[in-house]
2 protein chains.
Amino acid sequence: MATATTNSTRDQLFHTASQMFCEKGFHATSIRDIAERVGIQGGSIYSHFESKDDLLWSIVQHAADRFFSAIRPVAGADMGITQKLRKAVITHAEVITSDLDAAAVYTVEWRHLSPERRAEVTKLRDEYESIWRTMVDQGIREGYLAASDAAGASRFILSSLNYLFTWFRPDGPLTAEEVGTLIADYTFDGLRRRTV
Amino acid sequence: MATATTNSTRDQLFHTASQMFCEKGFHATSIRDIAERVGIQGGSIYSHFESKDDLLWSIVQHAADRFFSAIRPVAGADMGITQKLRKAVITHAEVITSDLDAAAVYTVEWRHLSPERRAEVTKLRDEYESIWRTMVDQGIREGYLAASDAAGASRFILSSLNYLFTWFRPDGPLTAEEVGTLIADYTFDGLRRRTV
DNA sequence: CCTACCGATCGGTAGG
DNA sequence: CCTACCGATCGGTAGG
């Protein structure tokens with residue numbers, strides 16, 4: 001009832017693994033731990049995933065997809081850069097807050113992937129960051145942003161966003177949109193009071 | 001020559017473990033991996049540390065100590081809140097950049113500690129954050145900061161700082177102090193150009 | 001999807 | 001600090 005997804009065994013394994021990798025980390029979670037939580041035997045996992053690495057990979061890929069699918073329409077939208085950047089921050093925040101486990105696994109556990117896949121994730125991250133750099137660049141060129149270095153500024157924006165999964169709780173005082181708005185305010189306006 | 005520390009076997013184990021825990025993660029690094037890099041047998045580690053958990057714990061404790069020792073004099077200094085907050089940001093950045101491995105282990109691997117020690121680290125983090133909250137609170141009261149929520153603002157400051165270990169490289173274009181200054185500028189002034 | 005099993009590796013210890 | 005070993009657990013497989 002809580003999640004309205006298919007609920008096939010494969011989906012259950014996927015979501016349970018996502019939870020446990022987030023909770024305890026990839027290597028501290030055994031294939032048997034996951035199987036037990038889903039109610040099957042350890043070996044049975046291998047009729048759904050070829051390896052533990054494959055299981056992690058599918059989670060990481062899915063998370064990456066969500067970030068790209070969410071940001072692309074914003075980056076390509078026909079709107080002023082001021083509003084676009086705000087919208088982008090709020091969108092990224094919503095991707096994280098709507099699946100904290102996935103965000104955590106994507107941010108910290110991806111490095112336990114096989115070397116080839118780790119390289120693939122690095123490439124995806126660069127690609128994602130370059131979407132941000134393009135927006136920030138435009139902001140600088142149009143005189144909206146004061147930052148001199150688009151790469152550094154992009155990293156700054158993404159830092160506070162990517163830290164979200166460590167402290168945001170759905171049952172906390174802030175909604176997902178409020179938290180995105182707050183980060184956007186802090187990021188662009190700064191903490192210092194603007195003298196009138 | 002590079003590090004002028006004691007270079008006792010214990011120190012070598014400590015630093016090698018710090019490096020490898022950072023590189024591959026705690027559970028992906030075996031006691032034998034560390035021993036081999038130092039040039040001793042796996043079992044010999046246990047004449048220097050009681051357990052693998054103890055080894056991680058000593059690294060985490062040392063990292064925590066460095067943060068506290070650096071921030072306390074700043075927090076207690078007799079200076080204006082404007083300068084104090086800037087100084088605090090630069091100081092935190094310097095603790096991270098001067099030992100990236102330690103910062104990474106402290107930030108991501110601490111959760112693989114035994115439950116009791118994990119709880120202890122959580123307590124330390126809260127304590128550290130409360131030092132920041134006190135400074136931010138003062139900044140708000142004195143009208144220097146526009147933020148309404150000291151806890152949220154503190155978290156925002158620490159987010160971009162704590163992401164430093166993922167991208168800062170000593171051989172990169174920025175020095176440790178430059179990076180601290182840049183983050184302080186972005187954090188307090190924001191990315192948006194202030195209209196004159 | 002289960003039972004039963006594989007080789008490999010793990011953290012840790014005893015005894016020197 | 002080493003040699004030699006311990007039980008436990010790991011990811012993964014075969015055969016049904």
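Values below: every heavy atom of this structure, side chains too, minus hydrogens, waters and symmetry copies. Throughout, a chain's letter reflects where its sequence line sits, starting with A, and its residues are numbered from 1. Treat the numbers as computed from the prediction; the structure is a model and nothing was measured.
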Nucleotide N/O to protein N/O under 3.5 Å, stretch nucleotides 1-5 of chain D:
from	atom 1	to	atom 2	distance (Å)
dC1(D)	OP1	Thr9(B)	OG1	3.1
dC1(D)	OP2	Thr9(B)	OG1	3.1
dC1(D)	OP2	His48(B)	NE2	3.2
dC2(D)	OP2	Gln41(B)	N	2.7
dC2(D)	OP2	Ser44(B)	OG	2.6

Would you mind reading off the distance between [X] atom [atom1] and [N] atom [atom2], rounded to a whole angstrom?
X	N	atom1	atom2	result
Glu50(A)	dG12(D)	CD	C1'	12 Å
Phe49(A)	dG12(D)	CZ	P	13 Å
Lys52(A)	dT13(D)	NZ	P	15 Å
Lys24(A)	dT9(D)	NZ	C1'	12 Å
Ile34(B)	dC10(C)	CD1	C1'	13 Å
Ile31(A)	dG12(D)	CD1	C1'	9 Å
Asp54(B)	dG11(C)	CG	P	14 Å
Tyr46(A)	dG11(D)	OH	P	6 Å

Fill in the blank from the handout: In DNA chain C, stems of three or more consecutive pairs, Watson-Crick or G-U, each with both distances under 3.5 Å, turn out to be C:1-16 with D:1-16
Handout entry: Nucleotide nearest Ser30(B) (side chain, heavy atoms from C-beta), chosen from dG12(D), dG11(C), dG12(C)
Key = dG11(C)
Practice task
If you link ILVMFWY side chains whenever their heavy atoms are less than 4.5 Å apart, which other residues fall into the same cluster as Tyr163(B)? By chain and number, please.
Solution key: Tyr163(A)
Handout entry: Spacing of NZ belonging to Lys24(B) relative to CG belonging to Asp33(B), to within rounding of 0.5 Å
Key = 4.0 Å
Problem - Exam field: side chain Ser51(A) to backbone Asp54(A), donor-acceptor pair closer than 3.5 Å - result: yes
Please tabulate, for side-chain N and O atoms in residues 139-152 of chain B, each donor-acceptor pair with protein atoms closer than 3.5 Å (sequence neighbours left out).
from	atom 1	to	atom 2	distance (Å)
Glu142(B)	OE2	Gln138(B)	NE2	2.9
Asp149(B)	OD1	Ala151(B)	N	3.2
Asp149(B)	OD2	Gly152(B)	N	3.1

Check residues 68-84 of chain A and write down every donor-acceptor pair under 3.5 Å in which the side-chain atom is one partner and the other belongs to a residue at least two apart or another chain.
from	atom 1	to	atom 2	distance (Å)
Ser69(A)	OG	Asp65(A)	O	2.7
Lys84(A)	NZ	Ala75(A)	O	2.9
Lys84(A)	NZ	Ala77(A)	O	3.2

Practice task
Output all residues satisfying side chain to side chain contact (heavy atoms under 4.5 Å, CB included) with Asp99(A), sequence neighbours left out; order by chain, then residue number.
Solution key: Arg66(A), Asp101(A), Ala102(A)
Fill in the blank from the handout: Quick note, ring pair (Phe, Tyr, Trp, His ring centres under 6.0 Å) partners involving residues 165-185 of chain B, not counting sequence neighbours, are none
Exercise for the section: Just grab all the ring pair (Phe, Tyr, Trp, His ring centres under 6.0 Å) pairs involving residues 107-127 of chain B, residues at least two apart or on different chains. Expected result: His27(B)-His112(B)
Practice task
Please name all residues satisfying ring-ring contact (aromatic ring centres under 6.0 Å, His included) with His48(A), sequence neighbours left out, ordered by chain then number.
Solution key: none
